[in-house]
Amino acid sequence: MTKIAHTEAKQLAQQYGTPLFVYDEKMLCAKMDDFTKYFQSDAIETGVIYASKAFCCKAMVQLAAQHGLYLDVVSGGELYTALKAGFDPERIFFHGNNKTPQELSMALKNHVGTIVVDNRREALRLKELLADSDTSVHVLLRINPGIEAHTHKYIVTAHVDSKFGIALVQEDEVIETIRILQETNGIIFDGLHVHIGSQIFAQDAFTDTVKKVFGFAKHLQDAYQIDVHTVDLGGGFAARYTDEDAPIPVKDVCQAILNACTEANASLSAPVRRVMIEPGRSIVGEAGYTLYTVGSLKKTPNRHYIFVDGGMSDNIRPALYQAKYDAVLDGKEDAPAADTYTIAGKCCESGDIIIDAIALPEAEENDLLIVKTTGAYGYSMASHYNRMLMPAVVFAKDGDSRLVIRRETYDDLIALEV
Ligand SMILES: *Cc1c(COP(=O)(O)O)cnc(C)c1O
């Protein structure tokens with residue numbers, strides 16, 4: 001997690017106002033470099049794709065490009081952002097379980113490198129679109145390997161009804177879809193994609209997925225003479241939100257995945273040539289934090305509330321997934337804890353809680369509260385509930401900072417109204 005210097009937080013709050021998302025730019029770069037450095041192998045080609053949905057804006061996309069990452073997008077909006085940021089479209093992977101015909105056309109027109117097809121109907125739609133176009137596109141098929149992993153637990157053959165991908169138990173459907181892809185002019189069928197979940201701590205979840213997918217690749221080869229060139233294993237690598245979280249070091253998980261791939265490849269007559277991963281949260285999560293100003297404090301019979309000037313509008317994760325966060329009061333890091341507080345926002349929902357219970361030193365009005373590890377799925381899931389304004393986002397580096405997304409104004413808020 002980032003260690004935030006007192007003077008820096010105060011200065012940023014004064015300069016940009018609160019609530020404010022701050023990213024430690026050096027840490028962003030270091031996280032990306034860790035993945036590209038450790039996800040390397042002599043035995044197999046590798047690639048690291050930044051899953052932009054975790055935090056998507058032009059500045060972040062440009063940083064990913066500078067550090068040699070590929071890019072995942074899951075909507076026309078993310079694709080548009082990437083194109084406007086000047087990201088090489090050849091290095092973009094377009095995901096999603098229900099891409100519209102307009103989004104698929106947009107991808108083809110802009111020469112997106114790879115489309116990850118979710119289902120048979122989408123394969124047919126792509127075929128129709130390519131019939132009157134002379135472009136070509138690489139395609140991966142998303143399969144559902146029947147492994148679901150979230151946080152500390154993972155379950156094998158548990159989730160055949162996911163809306164994502166085609167379940168391996170529906171083998172006929174998988175084969176039929178691959179045949180459509182293979183027979184379509186303009187489609188280069190590269191292989192398989194899986195994504196088993198998010199905030200995964202269990203290394204076995206990843207290596208078991210490798211075994212399962214490579215096992216299926218062998219079955220495709222033996223039973224259907226279908227070669228798999230690329231396997232994309234998705235994201236899901238955990239970030240550290242509180243002291244209870246101990247993510248597997250990037251080096252270890254990358255090595256474990258690559259070893260499992262090399263081992264599984266030995267049994268294939270035509271080995272898988274390229275393996276990719278798609279980290280999102282683990283790149284941006286810990287590098288980001290949110291600065292709030294403390295407004296009122298309030299005691300109820302059982303709680304001591306700290307009210308902050310944001311809330312579920314800039315961080316929905318506690319309400320959505322009971323996600324846990326850690327926080328400090330700026331300048332009081334070394335003071336003894338005075339009470340157990342509940343950090344609540346200003347939205348009209350009782351569930352508008354950022355932290356349910358946290359021991360902190362004596363909090364006072366106008367203190368700065370720093371909530372850590374808000375870099376992933378914070379800004380990107382922000383909403384206008386209660387007509388809250390989107391916070392600003394800054395990248396900080398070496399005591400300097402640059403504004404990458406300005407704070408929304410009330411005029412922005414009504415700009416779309418006709
Ligand atoms: C969400 C998602 C990711 C990134 O997941 P993280 O948990 O942020 O690493 C990668 N690939 C796909 C297909 C996704 O849906």
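Since the structure is predicted, the reported quantities are computational estimates derived from the model, not experimental observations. We count ligands from 1, going down the list as the structure has it; atoms in each ligand are counted the same way.
Relative to atom 15 (O) of ligand 1, the option among Lys53, Gln199, His193 with the closest non-hydrogen atom is Lys53. For atom 5 (O) of ligand 1, the nearest non-hydrogen atom from the set Arg142, Arg281, His195 belongs to His195. Scanning Phe55, Tyr50, Tyr377, Phe237 for the heavy atom closest to atom 8 (O) of ligand 1 points to Tyr377. When the heavy-atom distances from atom 9 (O) of ligand 1 to Ala51, Ser198, Gly285, Gly236 are ranked, the shortest goes to Gly236.
Residue Phe164 does not touch ligand 1, judged by heavy-atom distances below 4.0 Å. Contacts of Val74 with ligand 1, taken as heavy-atom pairs under 4.0 Å, are absent altogether.
Here Phe35 and Tyr50 keep their ring centres 6.0 angstrom or further from each other.
The distance criterion of under 3.5 Å between nitrogen or oxygen atoms is not met by Ala54 with respect to ligand 1. Between Glu278 and ligand 1, at least one N/O pair is under 3.5 Å apart.
The CG atom of Leu126 lies 6.0 Å from the CG atom of Leu108; values are rounded to the nearest 0.5 Å.
Ionic pairing of Arg402 and Glu25 is present here: one or more N-O contacts between side-chain nitrogen and carboxylate oxygen are shorter than 4.0 angstrom.
A donor-acceptor contact closer than 3.5 angstrom is absent between the side chains of Asp72 and Ser52.
When each atom of ligand 1 is checked for a heavy atom of His95 under 4.0 Å away, the hits are 13 (C). Near Gly280, the atoms of ligand 1 lying under 4.0 angstrom from a non-hydrogen atom of the residue are 6 (P), 8 (O), 9 (O).
Between Ser401 and Tyr16 there is a side-chain heavy-atom pair separated by less than 4.5 Å.
A donor-acceptor pair is defined here as one N or O able to donate and one able to accept, closer than 3.5 Å; such a pair exists between the side chain of Arg407 and the backbone of Pro19. Under a 3.5 Å cut-off, the side chain of Ser383 and the backbone N or O of Tyr385 do form a donor-acceptor pair.
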